[in-house]
2 protein chains.
Amino acid sequence: MMNASAASVHTLLVVEDDAQIRDFLQLSLRAAGYVPLLARTLAEALQLWQDKQPAMLILDLGLPDGDGLSLIKTLRARSDRPILVLSARQSEQDKVQCLNQGADDYLAKPFGVDELLARIRVALRRMERMQLRDQRYQVEALQIDLADGLVRLHGEALHLSPLEYKLLMQLAQHAGRVMTHRQLLQAVWGAEYVDDTHYLRIHMGRLRAKIERDPAAPRYLITELGIGYRLAAS
Amino acid sequence: MMNASAASVHTLLVVEDDAQIRDFLQLSLRAAGYVPLLARTLAEALQLWQDKQPAMLILDLGLPDGDGLSLIKTLRARSDRPILVLSARQSEQDKVQCLNQGADDYLAKPFGVDELLARIRVALRRMERMQLRDQRYQVEALQIDLADGLVRLHGEALHLSPLEYKLLMQLAQHAGRVMTHRQLLQAVWGAEYVDDTHYLRIHMGRLRAKIERDPAAPRYLITELGIGYRLAAS
DNA sequence: TGGCCGGTATATCAACCGCATAAACGCGCG
DNA sequence: CGCGCGTTTATGCGGTTGATATACCGGCCA
């Protein structure tokens, strides 16, 4: 059985110029089960944001190379992900300005780790509710709602096992493109199972039995010989 | 600063026992274009919440007639609307506890009006993105009124324990969609109970005993193996 | 054409894990 | 004290999973 917590590992972008605080944040976040990405400057932050697409931003104001507010505005324009601002400044005006520009929360230094973690949790919790909203995949009679966690065939829901569901979601997220055996095994079973293509065959078979009208001549779940599998695109 | 347009006038429930602060909040909020509803006690608050369905809750901790935390848990179990906590207590533990139980923000006294307004704006802004769903749920003989908190089976109201009620409301709010064990535990028991799935099983069983005609073959309360539960949609 | 072979699909079955249910316990409250 | 409710403990059941075995299918070559 796969690890449940592995599914909800969040990547957090931390923008902080002070090396000491940066280390402190890195350790705390990692200890709490997150994957922190560290940036020292706004430019670096923007790069990482686009590159890694972290779940949220933790931004320390007062960076050397520019105004933190501009980063908030920029990111808010592109994404709905949570932004939490840390700052040494206590002034109400600063807070109001940040919040108005699109920040979701503002935490003044000095703060406790526990409060920081709690506020991160709040932000992520809320985001998860909104996030899976309009992700939907459809080809012919097969329809996959990631939001509802439902898979429909000719309109009526069909029942998948957790593993089959994971597998199908994985394919649906890269619909139309080939996913290699290794990729699928890595994503569904974990890194240790990367070579056991055997598992894949079995469960692909079971998936086809439920999804395909004629499993011997699959219309949705295409096998790419010697490479992997692919979910047909519209 | 411009006012929110008249089209989006928001009703805010303010729970505050100190008359002076209450007046102050009332005036400030009204001046900012909101419609404040005032409550002195938890009972009153609960009543107004069900009655008027305000857009969010602003809760002062330390009320005379009970624990504010319980109100947070109760409301969070029934609704996704924002909860902002005000408190004289500065301790980190208080903050963490509130945030874990489902509060969206925590503002320690003394605070400035502008910051309060900014944080309210953030909460409402975010909420508007999430579309609230219908306040009534019905499938076949099962009918749930989220507004007045009534559950009917074949037309006649049936009695649920507070916990069963919370559980069912939570499911009804996301009717048709799978709710994970973690989500349900977080919403009903709190963030600390996120891993105790056995609580869920037991109380789901009791819910089914009251709701389902044949609990062994549930029609409304569907279990999604390895994932969570789902209230069947029409 | 027929046989071999790598890669792939299906069948069967046992072990295990997650789930449901029952029943006992503890606690607050009238 | 007895009642209602939430928690804890115990136990049986069924679905899911993965191991093993067997059948398939196309390409290649003699």
Side-chain angles (χ1 to χ4, degrees), chain A residues 1-5 7 151 158-169 178-182 184-185 188-190 192-230, chain B residues 43 65-67 69-70 73-74 77 158-168 170-171 178-182 184-185 187-190 192-230:
Chain A
M1 185 67 196
M2 61 280 164
N3 195 345
S5 63
V151 178
L158 52 80
H159 179 67
L160 299 182
S161 86
L163 205 151
E164 288 157 3
Y165 182 75
K166 257 196 162 181
L167 212 45
L168 189 56
M169 289 303 125
V178 186
M179 292 206 68
T180 67
H181 297 138
R182 297 181 68 88
L184 286 168
L185 285 161
V188 176
W189 277 267
E192 313 88 296
Y193 295 78
V194 156
D195 296 315
D196 304 326
T197 54
H198 165 75
Y199 292 166
L200 264 183
R201 304 223 169 86
I202 296 191
H203 293 283
M204 283 299 180
R206 289 179 177 159
L207 249 183
R208 284 210 254 248
K210 293 184 179 179
I211 285 178
E212 302 278 357
R213 175 178 298 271
D214 177 12
R219 299 183 59 76
Y220 311 120
L221 203 39
I222 318 287
T223 127
E224 297 287 344
L225 233 144
I227 305 184
Y229 294 87
R230 178 168 57 86
Chain B
D65 70 336
D67 190 4
L69 271 179
S70 67
K73 275 210 281 192
T74 307
L158 51 79
H159 177 67
L160 299 181
S161 86
L163 204 149
E164 288 158 1
Y165 179 75
K166 287 185 197 174
L167 215 43
L168 188 55
Q170 200 60 31
L171 286 160
V178 184
M179 293 208 67
T180 67
H181 297 138
R182 297 179 70 88
L184 286 167
L185 286 162
V188 177
W189 277 269
E192 308 87 305
Y193 294 79
V194 154
D195 294 315
D196 303 327
T197 53
H198 65 276
Y199 287 173
L200 265 183
R201 299 211 181 94
I202 298 202
H203 292 282
M204 284 297 177
R206 291 183 177 168
L207 250 184
R208 283 211 253 247
K210 295 184 178 178
I211 285 178
E212 302 279 357
R213 174 180 298 270
D214 177 12
R219 300 186 57 74
Y220 310 120
L221 204 38
I222 317 287
T223 128
E224 297 285 344
L225 231 144
I227 305 184
Y229 294 86
R230 179 167 56 85

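Heavy atoms only: backbone and side chains are in, while hydrogens, waters and symmetry mates are out. Note that the coordinates shown come from a computational prediction; the quantities given were computed from them, not determined experimentally. Throughout, protein chains are lettered first and strands after them, A, B, ... in sequence-line order, and every chain is numbered starting at 1.
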Report summary line: side chain to side chain donor-acceptor pair (under 3.5 Å) filter on A/Asp195, not counting sequence neighbours, yields A/Arg182
Query raised in the report: At their closest point, which heavy atom of A/Lys166 faces which heavy atom of A/Val188, and how far apart are they?
Result: NZ-O, 4.0 Å
Query raised in the report: Can you tell me how far P of C/dG18 sits from CG of A/Leu163, to the nearest Å?
Result: 13 Å
Report task. To the nearest Å, give me how far apart CG (B/Leu207) and C1' (D/dC5) are. Result -> 14 Å
Query raised in the report: By side chain to side chain donor-acceptor pair (under 3.5 Å), which residues pair with B/Arg213, not counting sequence neighbours?
Result: none
Using a 3.5 Å cut-off and no angle test, enumerate the donor-acceptor pairs between side-chain atoms of residues 197-209 of chain A and protein atoms at least two apart in sequence or in another chain.
residue  : atom : partner  : partner atom : Å
A/Arg208 : NH1  : A/Leu221 : O            : 2.4

Query raised in the report: Rounded to the Å, how far apart are A/Tyr193 OH and D/dA19 C1'?
Result: 13 Å
Query - Short side-chain N/O contact to D/dT7 OP1/OP2 from B/Trp189, under 4.0 Å - result: yes
Query raised in the report: D/dT16 phosphate, OP1 or OP2: any side-chain N/O from A/His159 under 4.0 angstrom?
Result: yes
Query raised in the report: To the nearest Å, how far apart are B/Leu185 CG and D/dG6 P?
Result: 15 Å
Query raised in the report: Who are the side chain to side chain donor-acceptor pair (under 3.5 Å) partners of B/Gln170, not counting sequence neighbours?
Result: none
Query raised in the report: How many Å lie between CG on B/Leu184 and P on C/dC19, as a whole number?
Result: 12 Å
Query raised in the report: Rounded to whole angstroms, how far apart are CD on B/Glu164 and P on D/dG4?
Result: 13 Å
Query raised in the report: Which whole-number value in Å describes the distance from A/Asp196 CG to D/dT17 C1'?
Result: 14 Å
Report summary line: Between CD1 of B/Ile222 and C1' of C/dC19 the distance, given in whole Å, is 15 Å
Report task. Name all residues meeting the side chain to side chain donor-acceptor pair (under 3.5 Å) criterion together with B/Glu192; count only those two or more places apart in sequence or in a different chain, and write none if there are none. Result -> B/Gln101
Report task. Determine, for nucleotides 6-11 of chain C in 5'-to-3' order, which nucleotides have protein heavy atoms under 4.0 Å from the base (write B), from only the sugar-phosphate (write S), or from neither (write -). Result -> -SBSS-
